[in-house]
Amino acid sequence: QPDTENINRAELLKQWRQALGYTQKDLAAILGVSNFHICEQEHNREPTTARTINHLALIYAVNSLPPDAPVSIIQEMLVPPSVIRKRQKAMQRLKIKH
C-alpha cells in the first residue's frame with residue numbers, strides 16, 4: 001500500500017519548486033543536496049522529508065513577500081511557533097510585574 005503522506009509531499013515539492021521557477025538542479029543547490037536526490041523525491045522513489053518541505057515552504061514564503069517587507073516578518077518566519085508563544089507569555093509576565 002503506498003504511503004499517501006509521502007506521495008503528497010513529493011507532489012508538493014514538485015509544485016512549489018515549479019511555482020518558484022526553480023529547476024531540480026537549482027533547488028538541489030539551495031538545499032545542499034544533489035539534483036538526483038530531488039528527482040528521486042519528486043518521483044517518490046525516495047522519501048520527501050518534512051525538513052525538505054519546511055525548508056521549501058520558507059523559501060516560498062520569503063519569495064512571496066513584497067520587496068519592501070520589514071526584516072521582522074522574515075525573522076518571525078524563522079522562529080518556530082512554540083518559541084513565539086513562549087516569548088509572548090514572557091512578555092505578558094513582564095508587563096504584569098511592571
Side-chain angles (χ1 to χ4, degrees):
Q1 152 173 343
D3 179 357
T4 55
E5 181 179 340
N6 198 50
I7 291 170
N8 291 341
R9 285 181 181 173
E11 186 59 32
L12 188 61
L13 175 65
K14 184 176 183 177
Q15 288 175 2
W16 280 354
R17 176 184 61 76
Q18 290 174 337
L20 287 164
Y22 293 149
T23 65
Q24 289 178 344
K25 187 175 182 178
D26 295 335
L27 182 59
I30 291 167
L31 298 177
V33 298
S34 70
N35 56 320
F36 177 77
H37 182 69
I38 298 298
C39 179
E40 291 295 292
Q41 287 184 2
E42 286 187 3
H43 289 93
N44 205 35
R45 293 186 290 257
E46 200 171 292
T48 305
T49 64
R51 180 179 172 272
T52 298
I53 293 299
N54 291 339
H55 194 148
L56 189 56
L58 179 62
I59 293 167
Y60 187 80
V62 168
N63 280 307
S64 300
L65 291 173
D68 60 344
V71 174
S72 61
I73 291 175
I74 298 169
Q75 289 171 332
E76 286 177 17
M77 293 167 66
L78 297 171
V79 178
S82 60
V83 173
I84 292 172
R85 285 190 296 274
K86 287 179 184 176
R87 284 183 187 167
Q88 289 171 340
K89 286 180 182 178
M91 294 300 288
Q92 288 172 349
R93 285 192 299 265
L94 285 173
K95 286 180 184 177
I96 291 170
K97 286 184 178 180
H98 296 289

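Just so you know, residue 1 is the first one in the sequence shown, and it goes up from there.
Across every non-hydrogen atom of Gly21 and Asp26, the tightest pair is O-OD2, 4.3 Å. Across all non-hydrogen atoms, the minimal contact from Thr49 to Thr52 is OG1-OG1, 2.9 Å. Among all heavy-atom pairs drawn from Glu42 and Lys14, the shortest one is OE2-CA, 3.6 Å. Taking every heavy atom of both residues into account, Leu27 and Tyr22 meet most closely at N-CB, 4.3 Å.
The NZ atom of Lys25 lies 14.0 Å from the SG atom of Cys39; values are rounded to the nearest 0.5 Å. Gln24 CD to His43 NE2: the interatomic distance, rounded to the nearest 0.5 Å, is 6.5 Å.
The side chain to side chain donor-acceptor pair (under 3.5 Å) test applied to Gln18 returns no partner, not counting sequence neighbours. Glu40 pairs by the side-chain contact (heavy atoms from CB on, under 4.5 Å) definition with Phe36, Arg45, Glu46, not counting sequence neighbours.
The only member of Thr48, Leu13, Leu31 that meets side chain to side chain contact (heavy atoms under 4.5 Å, CB included) when paired with Leu56 is Leu13.
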